[in-house]
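To start, the structure itself, in structure tokens.
A quick note: this is a predicted structure, and the numbers were derived from the prediction, not measured. The chains referred to below are lettered A, B, ... by the order of the sequence lines, with proteins before strands, and numbering in each begins at 1.
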There are 2 protein chains.
Amino acid sequence: MNEIDFQNPEQTIFYQIEKAIKQYRTMAQNNLNELGYSITINQILMLIQIEKRPEISQVELSELLFKDVASITRMTELLVKRDFLLRAENKDDRRKKDLRITDKGKTIIELAIPIIKKNRNIALAGLNQEEQENLFKALNTIILNTSK
Amino acid sequence: MNEIDFQNPEQTIFYQIEKAIKQYRTMAQNNLNELGYSITINQILMLIQIEKRPEISQVELSELLFKDVASITRMTELLVKRDFLLRAENKDDRRKKDLRITDKGKTIIELAIPIIKKNRNIALAGLNQEEQENLFKALNTIILNTSK
DNA sequence: ACCATATATTTGATTTATCAATTATATTTG
DNA sequence: CAAATATAATTGATAAATCAAATATATGGT
């Protein structure tokens with residue numbers, strides 16, 4: 001596994017990472033779809049962040065969700081249009097917008113959270129505490145190595 | 001790390017995976033951009049696969065690159081237009097297309113391979129052989145858990 | 001208080017990706 | 001062998017993401 005083998009990309013760690021996250025996203029989205037709402041994982045994760053930290057800015061959301069701020073603007077518009085979110089001007093800083101979850105938004109969050117938990121458990125099944133910690137640490141090393 | 005904490009998503013493994021792969025892609029693309037060609041990592045990876053297995057089909061490429069077959073069609077069109085690839089009808093199976101790397105394509109592959117190797121080394125720095133193997137295995141578990 | 005700079009969000013243009021439907025050819029099966 | 005089914009690639013419509021530029025407001029230094 002030391003020499004990079006382009007003939008067998010499936011033997012590289014980065015191929016594994018891509019495949020793992022891709023499959024995880026697909027599974028997670030499929031399970032979420034069974035709720036019958038048509039909403040994406042990213043939209044739900046955004047709603048959850050806003051509920052937990054109502055004062056969060058769109059810039060902070062973009063960092064948390066690994067998206068461009070322009071994407072957050074458009075996700076926000078969509079969620080407002082679909083009545084999951086309210087957007088209003090912030091009193092203290094008029095550049096900012098206050099984002100608030102609607103009742104409909106709260107409902108879907110409540111429905112989605114157990115699904116997300118289930119998804120994560122499915123994906124990590126068979127990995128014990130130590131293995132999960134080592135995975136976390138190894139990923140953290142990659143994150144540090146590739147930052148900036 | 002056992003209870004899922006939506007307040008601190010950065011403490012979940014899936015957040016780490018997303019962040020690691022996102023940062024890796026960004027770094028890899030930035031280093032590739034220094035070649036001066038404007039080509040994406042995905043396009044290079046596709047060229048490399050075709051060079052190694054000239055008989056590969058677009059369906060197989062789509063699996064290898066985690067993309068829709070429609071995406072592969074459009075990537076192919078682009079690479080043909082930019083003279084990195086040739087596309088011709090396959091003699092034995094007229095549904096298929098033969099994809100062949102042009103000289104220009106070969107040149108850019110030669111230039112890109114050392115960059116990709118460097119990128120992978122940068123990202124994995126500080127992880128010894130055993131840690132890399134464990135990372136690989138843990139990711140493989142996730143892949144198996146989330147397949148179908 | 002004024003000006004330069006920084007920050008938050010939005011907008012327009014473009015790129016990339018996906019889905020569903022279509023076309024063309026190959027294979028299987030009754 | 002004909003009809004049904006499967007496979008490979010393409011196309012059109014749409015969604016999602018990014019970049020760069022624009023707008024509006026806030027902050028810091030003099």
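Nucleotides of DNA chain C lying under 4.0 Å from heavy atoms of chain A occupy a range whose first and last members, 5' to 3', are C/dA6 to C/dT18.
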- Message: Could you go through A/N140 and B/Q16, starting from their C-alpha distance and side-chain angles, then the distance that decides it, and tell me whether this counts as side-chain contact (heavy atoms from CB on, under 4.5 Å)?
- Response: CA-CA 7 Å; A/N140 203 246; B/Q16 293 281 104; 3.2 Å; yes
- Decide side-chain hydrogen bond (donor to acceptor under 3.5 Å, both in side chains) for A/N33 and A/Q29; before the verdict, give the C-alpha distance in whole Å, the side-chain angles of both, and the deciding distance to 0.1 Å. CA-CA 6 Å; A/N33 288 346; A/Q29 186 65 58; 2.9 Å; yes
- Message: Applying salt bridge (Lys or Arg N to Asp or Glu O under 4.0 Å) to B/K96 and B/E89, what does each step give before you reach the verdict?
- Response: CA-CA 6 Å; B/K96 291 192 181 180; B/E89 215 174 53; over 6 Å; no
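Residue A/K22 is classed as a sugar-phosphate contact, given heavy-atom separations below 4.0 Å to backbone atoms only. Residue A/N42 is in sugar-phosphate contact alone, with no base atom involved, counting any heavy-atom pair closer than 4.0 Å across all strands shown.
Following rounding to the nearest Å, B/N33 (CG) and D/dC19 (P) show an atom-to-atom distance of 10 Å. In this structure, the CG atom of A/N90 is 12 Å from the C1' atom of D/dA26, given to the nearest Å. Atom CD of A/Q43 and atom P of D/dA15 are 12 Å apart (whole Å). The CD atom of A/E63 sits 13 Å away from the P atom of D/dT18 (whole-angstrom rounding).
Of the possible donor and acceptor atoms, one in the side chain of A/K22 sits under 3.5 Å from a partner among the backbone N and O of B/F66.
Taking the six-membered ring where the residue is Trp, A/Y24 and B/F14 present parallel rings, their angle staying beneath 30° rather than reaching 60°.
The cluster map of Ile, Leu, Val, Met, Phe, Trp and Tyr, joined by side-chain heavy atoms under 4.5 Å apart, puts B/L86 and B/I39 in different clusters.
One finds the CG atom of A/L135 at 10.0 Å from the CG atom of B/N134 (value rounded to the nearest 0.5 Å). With values rounded to the nearest 0.5 angstrom, A/E55 atom CD is found 11.0 Å from A/I50 atom CD1.
Here the side chains of B/V80 and B/L99 are not in contact, with every heavy-atom distance at 4.5 Å or above.
Between B/F136 and A/Y15, the distance from one ring center to the other does not fall under 6.0 angstrom.
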- Task: Indicate for each nucleotide in nucleotides 4-13 of chain D, in 5' to 3' sequence, whether protein heavy atoms under 4.0 Å reach the base (B), only the sugar-phosphate (S), or nothing (-).
- Result: --BBSSBBBB
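For B/E131 and A/K137, the salt-bridge test fails: no basic side-chain N is under 4.0 Å from an acidic carboxylate O.
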- Task: Let me have DNA chain C in dot-bracket notation, would you? Count Watson-Crick plus G-U wobble pairs, both distances under 3.5 Å, and use [ ] for pairs crossing earlier ones and | for inter-strand partners.
- Result: ||||||||||||||||||||||||||||||
